[in-house]
Amino acid sequence: MFQVRKWKSTMAAMALFIAFGSSLMACSANTTDGNNTAKEDAPVTIKIMSDFTIAQPPSADNPIIKEFEKNTNTKLDITWVSGANWTDYVDRINVVLSSGDLPDLLKLNDVTNPLFQQMVNQGVFWDLTPYLKSYPNLMTYPESVWNNTSIGGKNYVIPVARPLNGFVFTNIRKDWLDKLGLEVPKTVDDFYNMLKVFKEQKPDGKADTYGYTMRGHEVLDGVFTNSNGRWKDVGGELIDANFDPGMREAILFKKKLFDEGLIPPDFSVMKDSQFWDLATTGRAGATAETIEAQFRWTYDQWKRDPNVDWMPMSSLTYQDGPYAPEYRGYIGVLAIPKNVPEEKVKKILSLLDYGASEEGGTLSMYGIKGVHYNEEDGMKVATEQAVVDSVGVGAFGKLFMRYDPYMYAYAPGMTKEVFERNKQVIDERAKIAKPDVAIGLVSETDTKLGADYAKKMADMKTQIIMGKATIEDWDKLIQDIQNDSNYKQITKEINEAYKERLALTQ
């Protein structure tokens, strides 16, 4: 702050003040390039690299970008990279990391990216932990999400938030159940019986009707093992869920579905589009998808049959009570290189905090009211302009997201009745949902060798389901892997990382 001395002459003091003020104004007016920072209200240019999963990325003059710039006093220079194939995007990330020519804000696939972890240890990225508490909207993200994206108890990234519940799980044709006088299945036995009736009764009259598409059939593994993801906590120790006896039962269950023709015989080589085709043409009564994505397929089916009703299941029970998986709560992370000045770091965090606010989150997800959406019966109804301007999760939602536990409950075109039912399903899942206990944990040995073990086990499962191998072959494979010295090292390292995180976060 400037201090003004007491001058003997009041007139002299006023003259000095006027001259000083004129000098400041002239300095401000003369700001003409990015190297002159005298003009405090000049927009801050932020270079960003992020993914998109729609047909075309937003253009530089996109109205959503312009609104973000106006409301945050920034100039956003965004390099959009296709994320339609996640492996390709990760390859691009690694090229950028290796080059050393980093943007101000980089979207990463995950905090576990080996090259990123190495660069964090070398001090290449900002530790944002001391700053985050000053950004209240970012602090609305669940504590588990911050913990699971930390490294050594410190936050080097900002997660791009998603709900914990409403992600991929089993969905069923509720209108088929009603037509056949069936109850919503609660146990795996109920589920099997439902699939059998669907195949036999063919509610939509299609000759080649199956019970289950087999899309996302890994969710059934979680039901049988009562765990989410690859690792399961057993008495404070992590074991590979493939070693759990429930996995053996899951394989045998799927083999039973295969043997009885309740699933498509070529499920192992089918593409997503083929799974969706089975579901949307009335040839399967169960599949797996996020709640909002499932409704997008429902909305398409309504054009042909307005009675179609895909209902997300709240849970499914094997032996250990009702099960549903909890999502990790983020779809990537954002990191800031250490060569970005501290004041600019704060500006970037302010930008992301705005994106996590109700106003910024609405702008990212729905766009501008009256242009990209209208409100009808308390629901936001998208206009065609929303598609033109890339509004939604496919582009801006990859960067800016308000934490909304019901985000996966809604999709454009949804009725209020369906939305309220979906919210109820999410509330029910939240009571029992199993988290993935190993999110964000790193084993160096697993990074090098883990993919080969995972492929062997996945391939064996498929072979057994299709009758090309026996369950005894599975038993032998599991025994061999359990006795493998490298796999023992993977288990040791993942448990060390698990216990370290527990010690830092509890």
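Because the structure is predicted, anything quoted here is derived from the model rather than measured. As a basis for the values below, the full set of heavy atoms in this structure was taken, side chains included, without hydrogen atoms, waters or symmetry mates.
- At a cut-off of 3.5 Å, with distance as the only test, a side-chain donor of Asn94 or Asn113 sits close to an acceptor on the other residue.
- Residues Gln482 and Tyr487 have side chains that never bring a donor and an acceptor to within less than 3.5 angstrom of each other.
- Under a 3.5 Å cut-off, the side chain of Asp446 and the backbone N or O of Val442 do not form any donor-acceptor pair.
- For the residue pair Thr281 and Arg283, a side-chain donor N or O sits within less than 3.5 Å of a side-chain acceptor on the partner.
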Ignoring hydrogens and angles, write down the donor-acceptor pairs under 3.5 Å from the side chains of residues 151-167, residues two or more places apart or on other chains.
{"from": "Asn155", "atom 1": "ND2", "to": "Trp146", "atom 2": "O", "distance (Å)": "3.2"}
{"from": "Arg162", "atom 1": "NH1", "to": "Gly397", "atom 2": "O", "distance (Å)": "3.2"}
{"from": "Arg162", "atom 1": "NH2", "to": "Gly397", "atom 2": "O", "distance (Å)": "3.0"}

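- Counted by atom type alone, Thr280 and Gln301 present zero donor-acceptor pairs between their side chains at under 3.5 Å.
- With 3.5 Å as the limit, one finds no donor-acceptor pair spanning the side chains of Glu289 and Asn171.
- Side chain of Ser227 to backbone of Ala241: no donor-acceptor contact under 3.5 angstrom is found.
- No hydrogens or angles considered: a donor-acceptor pair under 3.5 Å links the side chains of Asp427 and Tyr406.
- Legend: residues meeting salt bridge (Lys or Arg N to Asp or Glu O under 4.0 Å) with Glu500, ordered by chain and number and at least two apart, are absent.
- Contacts of Lys492 classified as salt bridge (Lys or Arg N to Asp or Glu O under 4.0 Å), with partners at least two apart in sequence or in another chain: Glu496.
- By the 6.0 Å contact criterion, CD on Glu200 is enclosed, its count of non-hydrogen atoms from other residues, nucleotides or ligands being greater than 12.
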**OP:** With side chain to side chain contact (heavy atoms under 4.5 Å, CB included) as the test, would you mind laying out the steps for Tyr210 and Leu262 before giving the verdict?
**Re:** CA-CA 5 Å; Tyr210 300 101; Leu262 304 185; over 6 Å; no
**OP:** Check the pair Leu106, Leu97 against side chain to side chain contact (heavy atoms under 4.5 Å, CB included), reporting the backbone distance first and the verdict last.
**Re:** CA-CA 9 Å; Leu106 175 63; Leu97 289 172; 3.6 Å; yes
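- Using a 3.5 Å distance cut-off with no hydrogens or angles, the side chains of Thr187 and Asp189 do not pair a donor with an acceptor.
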**OP:** Take Tyr403 and Val145, measure what side chain to side chain contact (heavy atoms under 4.5 Å, CB included) needs, and give me the verdict at the end.
**Re:** CA-CA 11 Å; Tyr403 183 74; Val145 175; 5.8 Å; no
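- Phe396 approaches Val391 most closely through the heavy-atom pair CD1-CA, 4.4 Å.
- For Gln274 (side chain) and Lys271 (main-chain N/O), a donor-acceptor pair under 3.5 Å exists by modelled atom type.
- Applying the salt bridge (Lys or Arg N to Asp or Glu O under 4.0 Å) criterion to Glu249, with sequence neighbours excluded, gives no partner residue.
- Judged purely by distance below 3.5 Å, without hydrogens or angles, the side chains of Asp233 and Tyr498 pair a donor atom with an acceptor atom.
- Around CD of Glu183, the count of heavy atoms belonging to other residues, nucleotides or ligands within 6.0 Å does not exceed 12.
- Between the side chain of Lys107 and the backbone N or O of Val333, no donor-acceptor pair lies under 3.5 Å.
- Atom NZ of Lys186 sits in a sparse spot, with 12 or fewer heavy atoms from other residues, nucleotides or ligands closer than 6.0 Å.
- With no hydrogens or angles considered, no side-chain donor-acceptor pair links Lys448 and Asn486 at under 3.5 Å.
- Residues Phe295 and Tyr410 place their aromatic rings such that the two centres sit no closer than 6.0 Å.
- When each of Ile336, Val96, Ile78, Ile48 is paired with Pro103, the side chain to side chain contact (heavy atoms under 4.5 Å, CB included) condition holds for Val96 and for no other.
- When the salt bridge (Lys or Arg N to Asp or Glu O under 4.0 Å) test is applied to Lys202, no partner is found at least two apart in sequence or on another chain.
- Within a 6.0 Å sphere centred on CD of Glu472, heavy atoms belonging to other residues, nucleotides or ligands number more than 12.
- Annotation for Tyr141 and Ala356: closest pair OH-CB, 3.5 Å, computed over non-hydrogen atoms.
- With 3.5 Å as the limit, one finds a donor-acceptor pair spanning the side chains of Asp353 and Asn137.
- In this structure a side-chain-to-backbone donor-acceptor pair under 3.5 Å is missing from Glu292 to Met407.
- Sorted by first and then second residue, the salt bridge (Lys or Arg N to Asp or Glu O under 4.0 Å) pairs involving residues 318-329 (not counting sequence neighbours) are Asp110-Arg328.
- Ion pairing between a basic and an acidic side chain is recognised when a charged N comes within 4.0 Å of a carboxylate O; Arg173 and Asp204 show such pairing.
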Subject >> Verdict with supporting geometry, Lys255 and Asp259, salt bridge (charged side-chain N to carboxylate O under 4.0 Å, His left out) >> reply: CA-CA 6 Å; Lys255 176 171 171 50; Asp259 290 345; 3.3 Å; yes
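- Judged purely by distance below 3.5 Å, without hydrogens or angles, the side chains of Glu428 and Gln424 pair a donor atom with an acceptor atom.
- A side chain to side chain contact (heavy atoms under 4.5 Å, CB included) with Tyr323 is found for one member of Val223, Val219, Thr225, Val188 and no other, namely Val223.
- A donor-acceptor pair is defined here as one N or O able to donate and one able to accept, closer than 3.5 Å; no such pair exists between the side chain of Trp474 and the backbone of Lys461.
- Under the 3.5 Å distance criterion, with hydrogens and angles disregarded, a donor-acceptor pair is assigned to the side chains of Asp473 and Thr470.
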Original post:
Can you check salt bridge (charged side-chain N to carboxylate O under 4.0 Å, His left out) on Lys174 and Asp178, steps first, answer last?
Top reply: CA-CA 6 Å; Lys174 178 65 165 59; Asp178 295 341; 2.8 Å; yes
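- What you find for Ser50 and Lys398 is that their closest heavy atoms are OG-CB, 3.9 Å.
- Between the Thr287 side chain and the Ala279 main chain, no donor and acceptor come within less than 3.5 Å of each other.
- Aromatic ring orientation, Phe191 versus Tyr212: perpendicular (interplanar angle above 60°, classes split at 30° and 60°).
- Summarising the geometry of Tyr299 relative to Gly413, their closest heavy-atom pair is CE1-CA, 3.8 Å, with the distance given to 0.1 Å.
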**OP:** Carefully, step by step, assess Asp475 and Arg248 under the rule salt bridge (charged side-chain N to carboxylate O under 4.0 Å, His left out).
**Re:** CA-CA 8 Å; Asp475 296 337; Arg248 191 179 194 272; 2.9 Å; yes
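- Counting heavy atoms of neighbouring residues, nucleotides and ligands inside a 6.0 Å radius, atom NZ of Lys434 does not exceed 12 of them.
- Ring centroid separation for the pair Trp297 and Trp276 comes in under the 6.0 Å cut-off.
- At distances below 3.5 Å, at least one donor-acceptor pair connects side-chain atoms of Ser150 with backbone N or O atoms of Asn147.
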Subject >> Worked verdict on Lys196 versus Tyr192 for side chain to side chain contact (heavy atoms under 4.5 Å, CB included) >> reply: CA-CA 6 Å; Lys196 192 173 179 65; Tyr192 161 76; 3.6 Å; yes
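- A salt bridge links Lys476 with Asp480: the closest approach of a Lys/Arg side-chain nitrogen to an acidic carboxylate oxygen falls below 4.0 angstrom.
- Proximity of a side-chain donor or acceptor of Tyr408 to a complementary backbone N or O of Ala411 within less than 3.5 Å is not detected.
- Classification of Glu237 and Lys499 as a salt-bridged pair holds, one side-chain N sitting under 4.0 Å from a carboxylate O.
- No side-chain donor-acceptor contact under 3.5 Å links Thr140 to the backbone of Pro136.
- Contact record, Lys179 with Pro203: NZ-O, 2.6 Å, taken as the closest heavy-atom pair.
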